[in-house]
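Take a look at the structure set out below.
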Amino acid sequence: MLSLMTFIPLVGMLVILCLPKDKPQWVRYTAVVATLIPLLLGVKLFLDYDRSNPGIQFVERMSWIPMFNIEYYMGVDGLSIPMVLLTVLLSFLCIFASWTIDNGVKGYFAMFLFLETGMMGVFCALDFFLFFLFWEVMLLPMYFLIGIWGGKNKVYAAIKFFLYTLFGSVLMLLVMLAMYYYGEPHTFDLIKLAELHPFSGKTVSLFGTQFAMDKIFWIGLFIGFAIKVPVWPFHTWLPWAHVEAPTAVSVILAGVLLKMGTYGILRMNFPILPEATLWAANAMALLGVINILYGAFCAMAQTDLKKLVAYSSVSHMGYVMLGMASFTTAGVNGAVLQMFNHGTSTAMMFLLVGVIYDRAHHRWIVKPDGTRGFGGIASQVPVFTGIFAIALFASLGLPGLSGFISEAMVFMGALSVPRLQTMTVIASLGIVLGAAYLLWMFMRVFLGPLNEEYKDLTDMNWREKLTLAPLCVLVIVLGVYPQPVLDLMSSTVAKLLTIFA
Amino acid sequence: MAQSCLWIALLPFLAFLVQVSIGKKLPRHGDFVSVLAIGTSFALATPIFINLLSTGNLYETLQFVWINLPGVPSAALRGAQDFKVTIGVLLNPLTAIMLFMVTLCSTLIHLFSTGYMHGEERYHLFFAYISLFSAAMLGLIISDNLLTFFICWELMGLCSYLLIGFYYKKPSAINASIKAFMTTRVGDTCFFMGICALYYVFGTTNFMDMYGAVKAGVAADVTILGLPAYTFIGLCIMLGTIGKSAQFPLHIWLPDAMEGPTPVSALIHAATMVAAGVFLLIRTYPLLYASHGVLTVIAYVGAITAFLAALIGIVQNDIKKVLAYSTISQLGYMVMGVGVGAFGAAFLHLLTHACFKACLFLCSGSVIHSVHTQDMREMGGLRTKMPWTFLCTLISTLAISGLPFFSGFVSKDRVLAGALAFGMEHPAHMIIPILGFAAAGVTAFYMFRLLYMTFFGAARDEHKHHHAHEQPLIMVLPLVVLATLSLSLWYAGPTGLDFVDNKILPVTWFDHSVEAAQTSMSIVAHHGSEEIHHKAHGLALIFSLILAAGGILLSTAIYLKKMINPDKLKRMFGPMHHILWHKYFFDELYVGFLIQKVLLSWNRMLAAFDNRVVDGIFVDGWAKVTMVVKSVVGKFDEVVVDRMAVDGAGDLVAVSGWAVRRFQTGRVQQYLIFSLIALGMVYWVLR
Amino acid sequence: MTNGMKLVLFGAEVLTVLCALIATFHPNVLYGAIALLITFLGVAVMYVFAGADFLAGAQVIVYVGGVTILILFAIMLTQWLYQMKLRDVGTKLLAPILIGAGLFYVLAKALLDINPKFLSDNAEPAQKFLMTPKTALLGEALLGSYLLPFEAITILLLGALVGAVWIARPR
Amino acid sequence: MNAFMTFVDKATGVQGFLIVGAILFSLGIIGILSRKNAIGILLGVELILNAAGLNFVTFSRYRTAAIDGQVANLFVILIAAAEAAVALAIILRFYRLKQTIDADEANLLRN
Amino acid sequence: MAQNVLDSLKWFAPETSLVAVLVLIFLADAALPKARSTVLSFMLGCLGLVAAIAATVKLAPLDPTLYFSGVVAHDGLSSFFRILVFASGILGLYAAYGSKEIEEKYRNEYAILILCVVFGMSLMAISTNLIMLYIGIETVSIVSFALAGLNRESLRSNEAALKYMIYGALSSGLMIYGFSLLYGVTGSLQYSQIHTALVAMNMAEPPLILQMAMLLIFGGLAFKISAFPMHFWTPDVYEGAPTPVVTFFSVGPKAAGMAALIRIFYTVFASKTGETFTVMPGTALVHGLAIVSALTMLVGNFSAIAQVSVKRMLAYSSIAHVGYLLMGMVATNEKGLVAILFYLVVYYAMNVGAFIVTGLVMESRGSDDIESFRGVGWTNPYLGVVMAVFLFSLTGIPVFGGFVGKFLLFGSLIDVPGFLWLALWGVLNSVVSLYYYARIVKAMWLDKPVSASSQPLPAIAMTTYHWVGLALLAIPTVLLGLFFSPVVRLAKASVAALLS
């Protein structure tokens, strides 16, 4: 089933490539079908998933390149299944958000479906080689999606994104190779590696000095993932990529791609290199706190809506880092939940920014020349305002909406760890700042006297409403009752935590 | 009954959903939905209250598992064990009383709003918001744990934000709304940290479990950030209260919150939400009590707030602002009451204050609705035009001033007595009761100032006066009900002075309930000796009466009889007036300095840092890598260095281009020379 | 070897080196080419003393008779037909001489330093080898152990010929 | 006189041969690197090949007393001839196209 | 003796078929009118090469043998590289006959020269004797000079030939002088005997003369594979020579050079111990290779960044790839050898593909500048896609063969003590390489087909001939990224002889 979910978009891509050029509508509907099937399968996955089993489920495993012990090994556990569900959902919705793309329709949707394959693969792969393959596969469509269909500085953004991520992934490649060759037995099987912890206590020589092997591996992997998260100071690709990417791509970027970083850390660094993880936990938490505050401060200074949302992602991913570094039930579960919740709420934000961009063709809160950008548009677009408010409040962690639960769990977990208490208290400043920049933005964009330029602004159409509705529902429902998602992950997280407790 | 509690909270929430989704299309924009919902809630709350009155005690709980996550059972770290959050209903006497009071006030204010807000744009949304607010407030009251308590607390904050900014086209309104949200958010965040710490220390956020744990002295030796855990939690909770109940130094948002529609001011910013902070202190009292130092701090915060806010009240001309400062001041009383251990008194004051302050706000609303201004200097002589309103205002003013026969007398005296007793026991803290008494006098002064300026004297603005008229029944009725409730009759007999069992001002039903609640909360006993308390009660009664009378007389002399010219006074106390007029410069400090100067420039700096330095090093740092390489290969080139800072990508090309041009000259013999030299160098290095 | 023979050989060596110097440094390429011719002859003499009689002949025929003539021909062709100057002017000699000197220093050090199992002149196999006429030996080797290189070089010559003709042939 | 004969003794021995080879080699290198005239460069190449050939012959005589070295030299001579042919063809073509045989003038292709 | 020669001829069948075809082409050239003979020569050339491959496969090694008195070897390595060089010949012919740069009238000569070079490359790959190797190398070099100058009316082509010739002459001079020194030290020209002699010497401190010999020999081989520091000719020659010739140069001689390097390195200077090799103790040979490898990558990648001409950029990139290949040498283990062999296979497909596309763009738009690539993806989507595949593969991004190649190379080095830094260095370099490969992709896809002066650029003219050829190159480029074990197994089998 996982393979189906992964490769049906690829099939869709091939179909699209074969479609005639002058039938964009066919292309779009093909894309809908190619993402709908994985979504439906995702629902089935959600229903069939055995929540009490902490191990890998829906395993698909066969030998692929026996010479190197490389397997085609797919499966989901509690860490990956929320991400898988998020991926299929957002991919499906993004097809609709991309409906208005009208140049290079074929290429766009083909790339988009290819991207979905990559994302699905990353979350399902349990063989390091396979994982790496999918990880890199995502890079190419992303590069083109940003570079071709992006905004004004698209090329710079695309190349920056590409360079950054490639830099991260080559480090990962080295670690992967090292794990294979230094590990006994030689294997890429992540599950087996997690069971054996073959690297603790060994050393590796680099530049004539002996280093603890697991720490070197940990750092290498971490940098690779941190670039994706993005952890300060590897974050500077993110505002560019987000701002320049087309709406749907921003959604995927923020909603799914960022999570791959933290997912990777949970999937690899934690179980495979537990001692190094403990060693680095404080640093990780510190980076998380820096992310939270730094992102928030930077967001506050932005005058571009999308950039603001982009920086808010930096801030929100900091919570994930903090939660993970706590090794507590609440903290780690909260981190995974935050990955999911941020996926939905930030996706909403980006979709909404896209909606307004489609109409106004700019996103300035304050125009670069200092004049007022948007202003007082609430009266013109009440539905848009309402939905935006939901997204915004979810994003700032208003209780009753999904963001709160995960943030609360992260903080509850982090404060339960004496060594992190100071940092946690400092991080709590992020809650205040989060509210500050979001509300300030809301005020400047939506409230106050109407800027006469926008008196003809039209409210959202049905397509846009329907795109956002599922996310809205998710944000509210999970804010009230998060247990369904928590159930998916909790047993796996508990198993993960046994290593550290 | 616990289940009906659930419905009490749920009904307004359903009304909210209805209103927000289809409210606009309903007849009358659906206001009846909200009114019916809250009315039904009131109807449900009444039997519970009656039950309490008849039995004197009430204890019921209802629990659901909300979040349940397996952890590592054997973990040494507390946080790594199972994580389980139960939510539910805690119905004890405090709950019952609050439920009754809140539903009552809410119902009345809903009713009032149907008249006051009539014809407004976004009428349905107004009702949606106050329904949501009611739901949140009621949810908060019935919460049996701090987490849902906090959720409701924040939702109220949201409603407050939405309602203050209800007139969203008015810049002052939206500014006020953000200010309110952000200021309370600061407190909320601290409160939330407290909850996290509480969870860390006790492994639960449930009130009853917490009471038990505190009693057992669980984790009394744990420290957080170097503070004893109890103290840390206590301080956090206190900060939450300071934010929500607009206590010094986070009080600045409440006066601005008056930008919202007046019923909102009455409901949220006077009667209920702001009192939630006090309710929080009451709910967590056992914990605060266990961390001794915190209570004293709380007492100081309350006393200072009560006094300072009252002083500002003197100089305000906006009728609602005066009331806002008076609210802050009165909340200060309650907080002080909790701080000095007069737990019951504070709670009683919460109730009485809710009634008379709601009444005052509604009266002011009625006036504003009638004269279309909030400036008292443009009012005057409305006594005749609006007799009912005047009467109700009078009653509530007398109540707030703490005169006999009125409810304020009963509760305020108890608070002051508690404070005095505290002061007598700990003479070092005598300043607390002194501030309290001073505030009582000032309160009487500015409230009567308000009364005189609004209703007495000659009309200052003929036009407005001419148009003034009494409001329709739907608006007057709530006034009357609330005014009635401000009589002492309901609490301690018609006069409020009743000497039974050697106790002054007993409120039989209330005292019984509170005692029962105290028992269930495992509050051991109040401290200090019986004798001091008794003595303090007597003294407080006398002092407060004298001070109130003094205040009223002074006010009468200045504003009614015009014996003293207020302008002259203003000049006399010039600097003082200046300070008061600028509200001690808090706004300037926070907004003007902290936010605009410090925070924003910090942000801009960081953003610039992000653009220049971080980018410069890590992306465009390729250029630097090449620089290093280049300096090994060839000689340094200043032009390139200069350009490097500008744009790394271009520089990379420039640098490598430079290097390549340097060697790839197109002359084959030079290539050979380079090759042979390099070959030699490789050999040299390896030799 | 008699002293006279030695002196002849030594003279040939000196001549070789001197002419090589001229061939390298003389600004006029024509003189350089002629000096190179003499160098080749000197080397051929040395071959004779090293017992490579056939090679000495081959050297004379191929180098002197072939290569050098080809070079001279090219020089003449370009000079007389197109009136171009033969003198190298403004050659930059510093770096090449430094490199060459360095190389020579290292090589000389290496070559003088070796302590291999060199055969002395008087050793029996050396004398025997020196005295044997090499033509037959070479013929045997070329048709025996070195058959393949011998055949393969024809392909080289074929390719070089085709290429040279193709490039040099006027349109 | 005696000293001179000792020197001649040495110079006509194996070391003399090798040093002459080394000199030719170095001079060839210098020639290739310094000559502007493309034909001059060719002279350097021939010197180098001769140096190598001389080495082969010397080693064949003094090291192995076997024919291998001479065979190698035979091939070197043949290859030198082939190389010279192609080189001259290229140089002549260059001369025809550019009216010069100055190797420095071949700088069309560069960065 | 005669029997011996006949025996040997059996092993020499692939080359023999080449020679036969060479003769046939000569005859055809002489007998037929130009128009017909050129087609025939192409067919014959391809046929001969295919036959040679078939013969190689047929002969696929059972036991390693030396034949022709031991000057050449028949073993896995020779079979593998023979197939590679023959394939490079086919690619060279293919590229030329689809290109307008090699005019109709040159083509017979072109085919002859290519076949000569292939013959020489094959000798390089199989030789186990210094003389044999020298002849092989010189065959390749001398004929290559002519090939570079094939376009005799073009000054650029001629200049390329001139530079190539001068550079090559000096390099081969260095090498043959080095051979003579090695001969002097060991007294033999035969690899195995040299090895024995070296082992017998048992030097803790190798004599200076041996070091010089190694240095000079390396200089000559480095020229052939265009490794630092003998790489300078590469960009100029690649830019000036006709594109099909460059296409051929960029793969064939490199493979042959690597073969020669591997053979010399592993059979002469190294002894096998277990899974790894011990390189002559006391020499810094491996460290030297490591430094050369690192510098080659550096020079190749960083120079490529600044290029405007795509051919030139690809020239530098090919230098960088040699740097990667040398990492496998540094590893001195079986993994390293396998990685080199595998990488060469992938490199063939992707590099030839990139050059062919570049040639097509150059023909249609008149220049090989990056600007000429603007919007190729939009005018010719197919071309854009395959070029992107080649370039991403060259970068080393997964699902493409280039990634697996790098994966194997880095993998071979990762557990070699003391050389982890080289792996790190290689990894960093491959990031840098993205920078310039992506520029082409950017121009093709992210820019519209209008020139800088907003003139619309024409579509690239291409025929089914190119379509099929590029597909045949692109498919393996992708497939090798997904299912690489067959080739890896082949490579393993090929190096088995060196290990036994």
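Note on naming: letters A, B, ... go to the chains in the order of the sequence lines (proteins, then strands), and numbering restarts at 1 for each one.
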To the nearest 0.5 Å, tell me how far E:Lys163 NZ sits from E:Ile166 CD1. 9.5 Å
Could you tell me if E:Lys224 and E:Ser171 have a donor-acceptor pair between their side chains, going purely by distance under 3.5 Å? no
Region of E:Leu181 in contact with chain C, defined by heavy-atom distances below 4.5 Å: side chain
When the 4.5 angstrom heavy-atom criterion is applied to C:Leu107 and chain E, the contacting part is side chain
Heavy-atom proximity to chain C below 4.5 Å, by part of E:Tyr67: neither
Honestly, is C:Lys134 close enough over C:Phe129, meaning NZ or CZ under 6.0 Å from the six-membered ring centre and within 45° of the axis? yes
Checked E:Val19, E:Ile135, E:Ile112 vs chain C; the most non-hydrogen pairs under 4.5 Å come from E:Ile135
What heavy-atom pair brings E:Cys116 and E:Leu22 nearest, and what distance separates the two atoms? SG-CD2, 4.0 Å
Best-contacting candidate, C:Val165, C:Val162, C:Ile155, against chain E by heavy atom pairs under 4.5 angstrom: C:Ile155
Is C:Phe150 atom CZ crowded by more than 12 heavy atoms from other residues, nucleotides or ligands, each under 6.0 Å away? no
Heavy-atom pairs under 4.5 Å with chain C, option from E:Val143, E:Ile142, E:Leu113 with the top count: E:Leu113
Interchain contact, E:Leu147 with chain C, by part (heavy-atom threshold 4.5 Å): neither
For E:Phe26, is it the side chain, the backbone, both or neither that has a heavy atom under 4.5 Å from a heavy atom of chain C? side chain
Any side-chain donor-acceptor pair under 3.5 Å between E:Glu138 and E:Ser172? yes
Given the options E:Phe12, E:Trp11, E:Phe68, E:His74 meets ring pair (Phe, Tyr, Trp, His ring centres under 6.0 Å) only with E:Trp11
What part of E:Val72 gets within 4.5 angstrom of chain C, counting heavy atoms only: side chain, backbone, both, or neither? side chain
Against chain E, work out which of C:Ala164, C:Gly159, C:Ala168 has the most heavy-atom pairs shorter than 4.5 Å and name it. C:Gly159
Okay, side chain of E:Arg152, backbone of E:Asn158: is any donor-acceptor separation there less than 3.5 Å? no
Tell me, for C:Leu147 versus chain E, whether the close heavy atoms (under 4.5 Å) come from the side chain, the backbone, both or neither. side chain
